[in-house]
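Just so it is clear, the values below take in all heavy atoms, side chains as well, and ignore hydrogens, waters and symmetry mates.
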Amino acid sequence: QVQLVESGGGSVQAGGSLRLSCATSGDNFCTYDRSWYRQGPGKEREFVAAIDPDSTTRYADSVKGRFIISRGDAKNTVYLQMNSLKPEDTVMYYCKTSSCKKFWGPVYPANSWGQGTQVTVSS
């Protein structure tokens, strides 16, 4: 079973930066695709950023140019560098994975969500 744990949330002033981390525990032979989502009270969970096993990335328009998703050297941790933060970025951020890619090629389902980390941006 894949487990994801987010960390790095906190409070920051508008225009500041935070770096979120998503640590993944599972199959040591897997490289996991990973995505960041966020959700405010009473709203739908929305896509923020994603990175696939070959490090291809994509971003929501709302964060493009401000946020960067990347994989650590150990490849079991993914980061979300958040720059130029705005008050509207004040929500819970969640890490998820959908699949595992074995280093020799096969891809398997690996659906899991982290519990989230809170980001608060003050004006």
Find the distance between [atom1] ([X]) and [atom2] ([Y]) and round it off to the nearest 0.5 Å.
X      : Y      : atom1 : atom2 : value
Lys96  : Tyr37  : NZ    : OH    : 4.5 Å
Leu80  : Cys22  : CG    : SG    : 10.0 Å
Ser123 : Leu85  : OG    : CG    : 13.0 Å
Ser25  : Gln1   : OG    : CD    : 11.0 Å
Asp54  : Lys101 : CG    : NZ    : 6.5 Å

| query | Are a donor atom and an acceptor atom from the side chains of Ser99 and Asp33 found within less than 3.5 Å of each other? | reply | yes
Under 3.5 Å, is there a donor-acceptor pair between the side chain of [X] and the main chain of [Y]?
X      : Y      : result
Thr90  : Val121 : yes
Ser112 : Val2   : yes
Arg34  : Tyr79  : no
Arg66  : Ser84  : yes

| message | Would Thr77 and Thr24 count as a side-chain contact (heavy atoms from CB on, under 4.5 Å) here? Give the steps. | response | CA-CA 6 Å; Thr77 301; Thr24 303; over 6 Å; no
| task | Give me the one residue out of Glu6, Arg38, Gln39 that meets side chain to side chain donor-acceptor pair (under 3.5 Å) with Tyr93. | result | Arg38
| query | With Phe67, which of Leu18, Asp89, Asn83 fulfils side-chain contact (heavy atoms from CB on, under 4.5 Å)? | reply | Asp89
| request: Step through the shown structure and confirm whether more than 12 heavy atoms of other residues, nucleotides or ligands are within 6.0 Å of CG on Asn28. | output: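 Counting neighbours around CG of Asn28, 12 or fewer heavy atoms of other residues, nucleotides or ligands fall under 6.0 Å, so no.
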| message | Within the supplied structure, the quantity of interest is the number of heavy atoms (other residues, nucleotides, ligands) at a distance under 6.0 Å from Gln115 CD; does it exceed 12? | response |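 Not buried by this count: 12 neighbours or fewer within 6.0 Å.
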Would you check if [X] and [Y] make a side-chain contact, meaning some heavy-atom pair closer than 4.5 Å?
X     : Y      : result
Leu20 : Thr117 : yes
Trp36 : Phe47  : no
Thr31 : Phe103 : no
Ile51 : Val78  : yes

| message | Test side-chain contact (heavy atoms from CB on, under 4.5 Å) on Ser17 and Met82; report intermediate values, then the result. | response | CA-CA 5 Å; Ser17 298; Met82 304 186 295; over 6 Å; no
| message | Salt bridge or not between Asp27 and Lys102? Use side-chain N to carboxylate O under 4.0 Å. | response |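 Here Asp27 pairs with Lys102 in a salt bridge, since their nearest N and O are under 4.0 Å apart.
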| field | Ring geometry between Trp113 and Tyr94 (parallel below 30°, tilted from 30 to 60°, perpendicular above 60°) | value | perpendicular
| request: Give the cluster check for Met92 versus Val119: same hydrophobic cluster or not, with ILVMFWY residues linked at side-chain heavy-atom distances below 4.5 Å. | output: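 Different clusters.
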| Aromatic Tyr32 / basic Arg71 pairing, under 6.0 angstrom, 45° off normal | no
